[in-house]
Amino acid sequence: MEGRSIVKGTLYLLLTVIGIPGNLTIVTSFIHIACYDHKLLPADTIVSNLASVNLIVVLVRCIPEATAAFGLKQLFDDYGCKIVIFIYRTTRSLSIWLTFLLSGFQCITLAPVTSTWSTIKRQAAKYLSAVIAFLWVLNMSLSTPAILFSISSENNSAGNKHAVNLEYCLVKFPSQTVKLANGALQTSRDVIPIVLMVLASAYILLVLYRHKQQVKGIRSSSKNQGSTIETRAAKAVVTLVTLYVLFFGVDSILWIYTLTVAKTMRTSLISDLRVFFSSLYASVSPIVIIISNRKVHNKLKCVKAKPETMLSEAAS
């Protein structure tokens, strides 16, 4: 086994080990809150959906990549490749849009308390489920090229042109023009929410700065006072956006390079790097959410406390 394959397999295995438990923790925590506490706020709904989508990303991309790196490359037939790549592209894009949606809701939360903004807040919460459903339909429809052009790596050959090599699957386009058009479509779909979430984060930072200046004198005598819930949530959202923009930047550069290569690359090195950075957010974001989200944090404390309570009762 080559050294590159070992490194690749180890890295994707690490993403899997971190991403699956992390996202599962968030999803189960919010399911418990929804079932027993009945206090699932709009932001909680978005975060739980984001964790669910990221969990799917890890399952359908990191696990196959790790398995292929360790030698089992013939994982799927043509139909399997179409399904896996379609699910990955849909959920990856949904992860971007849900992160933007989260930053947008945070902007609304931090907006001034006026009659207009109060109405907007109520309407946003009312139609949240419809918006999320629309995003699912939109991203599924834009991922249809994966169904049309994905094939098994068994069909790989030196003569294949206009294809993206994923090692265990190929995305084979009929021409370079179709390949570039599909790449432009996918990039545009991702760039739009990225730009919007950056603008939303800039607004959040501006609001936080103004708030800090306003309360600077009031809190001068209590410097150790903790941040408000809104401030902590806003900082967490900005952190998530920063991470996504960073990873997306590297992913986009590699994706553009992949599109400009007419002949299928014999190795999947560039694709491996691109998918690694695009999947990194799905594994890293749960850590940020678990640390910053008090509801998830409290649920974990309750779970940890229950075995200790049972042990102490048994001992007594």
Side-chain angles (χ1 to χ4, degrees), residues 23 26-54 90-91 93-142 189 192-215 218 226-242 244 285-286 288-299:
N23 286 298
I26 298 170
V27 173
T28 53
S29 295
F30 281 117
I31 289 176
H32 189 275
I33 292 171
C35 293
Y36 296 97
D37 298 346
H38 305 290
K39 295 180 181 179
L40 204 60
L41 300 176
D44 300 334
T45 302
I46 299 172
V47 172
S48 61
N49 276 272
L50 178 61
S52 300
V53 167
N54 286 335
T90 300
T91 52
S93 183
L94 265 171
S95 180
I96 305 176
W97 280 98
L98 289 172
T99 303
F100 155 64
L101 190 62
L102 182 62
S103 62
F105 261 83
Q106 194 60 51
C107 286
I108 296 174
T109 302
L110 295 175
V113 182
T114 62
S115 58
T116 302
W117 277 111
S118 297
T119 302
I120 293 175
K121 291 178 183 180
R122 288 195 299 270
Q123 293 298 317
K126 180 180 179 181
Y127 293 105
L128 177 60
S129 298
V131 171
I132 294 176
F134 170 75
L135 291 178
W136 270 99
V137 174
L138 173 66
N139 287 284
M140 288 175 67
S141 62
L142 293 177
R189 176 181 65 174
I192 291 173
I194 287 287
V195 172
L196 292 175
M197 74 171 68
V198 168
L199 293 176
S201 297
Y203 174 78
I204 292 172
L205 290 174
L206 178 62
V207 171
L208 292 179
Y209 175 76
R210 288 178 176 176
H211 178 72
K212 181 179 179 180
Q213 293 299 110
Q214 291 173 356
V215 302
I218 300 175
S227 302
T228 63
I229 297 176
E230 291 79 8
T231 301
R232 285 196 298 272
K235 290 180 179 179
V237 170
V238 172
T239 301
L240 290 174
V241 171
T242 302
Y244 212 114
S285 60
V288 177
I289 295 172
I290 290 172
I291 293 174
S292 60
N293 193 292
R294 176 168 288 184
K295 291 182 178 180
V296 176
H297 205 60
N298 289 339
K299 286 298 175 184

If you apply the rule side chain to side chain contact (heavy atoms under 4.5 Å, CB included), what do you find for Tyr203 with Leu199, and how did you get there? CA-CA 6 Å; Tyr203 174 78; Leu199 293 176; over 6 Å; no
Take Trp97 and Leu50, measure what side chain to side chain contact (heavy atoms under 4.5 Å, CB included) needs, and give me the verdict at the end. CA-CA 9 Å; Trp97 280 98; Leu50 178 61; over 6 Å; no
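A pairwise comparison of heavy atoms in Ala200 and Cys107 identifies O-SG, 3.3 Å as the closest pair. Nearest heavy-atom pair across Asp44 and Leu40 is CB-CD1, 3.4 Å. Among all heavy-atom pairs drawn from Ser292 and Ala236, the shortest one is OG-CB, 3.2 Å. Nearest heavy-atom pair across Ile108 and Ala124 is CD1-CB, 4.0 Å. Closest approach of Met140 and Thr90 over heavy atoms only: CG-CG2, 3.5 Å. Among all heavy-atom pairs drawn from Ser103 and Ile204, the shortest one is O-CD1, 3.9 Å.
The one candidate from Thr45, Val47, Val241, Ile289 that meets the side chain to side chain contact (heavy atoms under 4.5 Å, CB included) condition with Leu102 is Val47. Checking Val131, Leu101, Thr99 one by one against Ile46, the side chain to side chain contact (heavy atoms under 4.5 Å, CB included) holds for a single residue, Leu101. Each of Asn23, Val27, Leu98 was compared with Ser52 under the side chain to side chain contact (heavy atoms under 4.5 Å, CB included) criterion, and only Val27 meets it.
Formation of a donor-acceptor pair under 3.5 Å by the Arg189 side chain with backbone atoms of Ser93 is not found in this model.
The side-chain heavy atoms of Tyr244 and Ser95, taken from C-beta on, include a pair separated by under 4.5 Å.
In this structure, Ile192 CD1 and Phe100 CZ are separated by 10.5 Å, a value rounded to the nearest 0.5 Å. Taken to the nearest 0.5 Å, the CG atom of Leu128 stands 12.5 Å off from the CD atom of Gln123. In this structure, the separation between OG on Ser48 and CD1 on Ile33 is 9.5 Å, given to the nearest 0.5 Å. Distance CD1/Ile96 to OG1/Thr91: 10.5 Å, rounded to 0.5 Å. The line from CG of Asn49 to CD1 of Ile26 is 12.0 Å long, rounded to the nearest 0.5 Å. The distance from atom CG of Leu240 to atom CD of Gln106, rounded to the nearest 0.5 Å, is 10.5 Å.
Looking only at atom types and distance, the side chain of Asn54 has a donor-acceptor partner in the side chain of Ser285 under 3.5 Å away.
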